[in-house]
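Take a look at the structure below.
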Amino acid sequence: MKQRTLTILKPDTVARRNCGAVIARLEEEGFQILAAHMLRLSEDQAMAFYAVHKDKPFYRPLVEFMTSGPVWVMALERDSAVEHLRKVMGATDPAKAAPGTLRQQFASNIERNAIHGSDSPENARIELSFFFSAAELA
Ligand code: IDP
Ligand code: MG
């Protein structure tokens with residue numbers, strides 16, 4: 001069944017000019033891009049988006065990284081979009097990411113790991129509404 005998920009091409013992907021390659025791969029994997037914005041996250045937005053990690057040691061550096069330059073946020077649609085995107089992304093740590101995954105190919109390290117993907121259908125809904133209006137997703 002068709003499902004939606006949120007992806008963010010992180011500041012490292014934009015800076016290293018990997019957006020085209022990442023988007024091409026997502027389209028090859030059957031994801032339809034429903035909506036997209038290029039933006040620079042404010043500190044408040046980055047802190048709120050990653051609030052689940054606020055007690056982790058990597059929270060502050062993560063917020064700094066995510067606000068360090070522009071990102072592309074995209075609403076994607078496909079069958080089993082949430083699960084499939086996580087599979088195509090690979091593990092959080094590129095050293096552990098399977099061959100052929102986006103993080104294995106494009107991530108620099110466990111923090112600068114190229115791409116975000118929602119981790120559950122419920123979080124996908126929350127994260128999509130964080131960046132997109134109902135009209136943009138209609
Ligand atoms: P995910 O992006 O694979 O879902 P999460 O555990 O939700 O991974 O962590 C959110 C983001 O925080 C990661 O994508 C990465 O940028 C960063 N991060 C996670 N774990 C670490 C760590 O141990 N050190 C530094 N940064 C981390
Ligand atoms: Mg996560």
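Read the numbers this way: they start at 1 and go in the same order the structure lists the ligands and their atoms.
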| So is Met89 close enough to ligand 1, meaning a heavy atom under 4.0 angstrom away? | no
| Top protein contact for atom 8 (O) of ligand 1, by heavy-atom distance | Thr92 OG1, 3.3 Å
| request: Quick one: look at Lys56 and ligand 1, take heavy-atom pairs under 4.0 Å, and tell me if it's side chain, backbone, both or neither. | output: neither
| Considering distance alone, does some N or O of Arg103 sit under 3.5 Å from an N or O of ligand 1? | yes
| Hey, is Asp119 one of the residues with a heavy atom under 4.0 angstrom from ligand 1? | no
| remark: Looking only at protein heavy atoms, what sits closest to atom 25 (C) of ligand 1 is Phe58 CB, 3.5 Å
| said: Checking contacts here: is it the side chain or the backbone of Tyr50 that comes within 4.0 Å of ligand 1, counting heavy atoms only? Could be both or neither. | reply: side chain
| request: Examine distances only and state if a side-chain atom of Asn18 and a backbone atom of Ala21 form a donor-acceptor pair shorter than 3.5 Å. | output: no
| said: Is the contact between Met66 and ligand 1 made by the side chain, the backbone, both, or neither, using heavy atoms and a 4.0 Å cut-off? | reply: neither
| query | When you measure from atom 17 (C) of ligand 1 to every protein heavy atom, which one gives the shortest distance, and what is it? | reply | Leu62 CD1, 3.8 Å
| field | Geometric class of the Phe49/Phe131 ring pair [parallel <30°, tilted 30-60°, perpendicular >60°] | value | tilted
| Taking the six-membered ring for Trp, is the centroid-to-centroid distance between Tyr50 and Tyr59 below 6.0 Å? | no
| query | Can you pull the side-chain hydrogen bond (donor to acceptor under 3.5 Å, both in side chains) pairs that have at least one residue in residues 72-90, sequence neighbours excluded? | reply | Arg4-Glu77, Glu29-His84, Arg78-His84
